[in-house]
Amino acid sequence: MGANLDLFDRARRVIPGGVNSPVRAFGSVGGTPYFVDRAEGPYLWDAEGRRYIDYVQSYGPGILGHAHPAVLDAVTRAASAGTSYGAPTEAEVVLAEMVVDRIAGLESVRFVSSGTEATMSAIRLARGATGRPGIVKFAGCYHGHADALLAAGGSGVANQGLSGCDGVTDGAVADTIVAPYNVVPTLDDTVAAVIVEPVAANMGLVAPADGFLEGLRTACDEAGALLIFDEVITGFRLARGGAAERFGVTPDLWCFGKVIGGGLPVGAFGGPWDVMEHLAPLGGVYQGGTLSGNPLAMAAGRTTLELLDDGAFDQLTATATRLADGLASAFASAGMASILPRVGSLLGLFFGDRAPTDFDEAKVLADNGVYPKVFHALLDRGVALAPGAYEALFPSLAHDDAVVDETIEIAADAAAAVASAS
Ligand SMILES: *Cc1c(COP(=O)(O)O)cnc(C)c1O
């Protein structure tokens, strides 16, 4: 028996499904998950010593590639001074200053330990600041696993084929309105906030239609609702100033995660003072955390943001473009119709003829049965995509042209094998 299966069996005896986040169990692609032994740059190695070119990169945090020496050094130095104090540190101030400096319109920021905490807290803050209950979210957008936001979620929720979630009461989602992505909803004066992924990256990749984000800004202004950009994926990835900078639309609140922690547990939410001053201890909206602003996590985040200069975003975009073009022709040469929607360095992969514009269209493509075959053909040949058709690809700064070209060659071989088997 292989080490991966051995570990999976052991894991399933003590951890539900053997995993600590459902998509990792390979349920939607079948087979046995690889257990990671170590990782470096664009590669990871599993418990059986097999090497993979990794396009998961922890679902986004690995924008520098795995185990970047500067991040390791910063984390090691921080750890040697103690790992958590429950008192403020200069490291939190430095990272907050970096966020405020990069995000135009964001004047103050709070650090938490996950993207889920960021969106959950931003929702509470929006409700507290407006005195209204309603939340509008879009089908197929994933905002973490807080009760009120689990309705019609993408990513893991979609991969599990769940339309909702057991254990979430009707009361918890009574004030959540789900609207189709890329259509500006009509808002009334009960709506506290509209929360959106400015580029939807949890239903595969779905770009915002022209005018969608601008339309949300106008609709929120007219209704007196706050606009929340969930930039947990797009933040510090699409540009220095994230999606808000790239699309020229300024929300009232931002949520961050993933890249901002450089691979350690960090989330953040922020906005202008007139909203943020409602947070305790200044205002009446409570939010806190034992490990919030953790010194190791702050060190990893600071080092990661420091390395993301304009040249880095250009390089990431060039890498994603090379990968998208190469994969498209690899699949085409095997007679497979593929669509690789790309926004900056964010890349999606669907099998079909037309890029989806919302969750209903994305579902048809994601569930057509092709992705699992391609996933396994690639994995067998040493390329790891996410084990679910609703996830994006995350090429990093460590994926150089040679690594991308090797990926494309492997994909051509994998595509030919899938095509000849069907
Ligand atoms: C991953 C993700 C979250 C949740 O972040 P966690 O750190 O997994 O809690 C929220 N929003 C978006 C857009 C995400 O991609």
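Order of appearance sets the numbers: ligands from 1, and atoms from 1 within every ligand.
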Inset, instruction - Give the atoms of ligand 1, by number and element, whose distance to some non-hydrogen atom of Gly144 is under 4.0 Å. - result: 3 (C), 4 (C), 10 (C)

Legend entry - Aromatic ring pairing Phe256/Phe236, orientation class (parallel under 30°, perpendicular over 60°, tilted between): tilted

Legend entry - Taking atom 6 (P) of ligand 1 as the reference point, the nearest protein heavy atom with its distance: Gly115 N, 3.5 Å

Inset, instruction - Among all protein heavy atoms, pick out the one at the shortest distance from atom 12 (C) of ligand 1; state its residue, atom name and that distance to 0.1 Å. - result: Tyr142 O, 3.2 Å

Inset, instruction - Show which atoms of ligand 1 fall inside a sub-4.0 Å distance from at least one heavy-atom site of Ser114. - result: 7 (O), 9 (O)

Inset, instruction - Examine Asn202 against ligand 1 and note whether any of their N/O atoms are separated by less than 3.5 Å. - result: yes

Inset, instruction - Would you please classify the geometry between the Tyr59 ring and the Phe394 ring as parallel, tilted or perpendicular, with 30° and 60° separating the classes? - result: perpendicular

Legend entry - Any donor-acceptor N or O pair under 3.5 Å, side chains Glu306, Thr303: no

Inset, instruction - Counting heavy atoms only, name the option from Val112, Thr116, Ile233 that's nearest to atom 8 (O) of ligand 1. - result: Thr116

Legend entry - Glu277 side, atom CD; Glu107 side, atom CD - distance, nearest 0.5 Å: 10.0 Å

Inset, instruction - Say whether Gln287 and Arg110, considering side chains only, have a donor N or O and an acceptor N or O under 3.5 Å apart. - result: yes

Legend entry - Point-to-point distance, once rounded to the nearest 0.5 Å, from CG of Leu238 to CD of Glu231: 7.0 Å

Inset, instruction - Report, in ascending order of atom number, the atoms of ligand 1 lying under 4.0 Å from any heavy atom of Asp230. - result: 10 (C), 11 (N), 12 (C), 13 (C)

Legend entry - Atoms of ligand 1 close to His143 [distance to a heavy atom under 4.0 angstrom, numbered from 1]: 10 (C), 11 (N)

Legend entry - Nitrogen or oxygen atoms of Glu197 and ligand 1 under 3.5 Å apart: no

Inset, instruction - Would you please say whether a donor-acceptor pair under 3.5 Å links the side chains of Asp367 and Tyr390? - result: yes

Legend entry - Any N/O pair Thr119/ligand 1 closer than 3.5 Å: no

Inset, instruction - Using non-hydrogen atoms of the residue, decide whether Lys258 is closer than 4.0 angstrom to ligand 1. - result: yes

Inset, instruction - Determine yes or no for a side-chain-to-main-chain donor-acceptor pair under 3.5 angstrom, with Glu222 supplying the side chain and Leu187 the backbone. - result: no

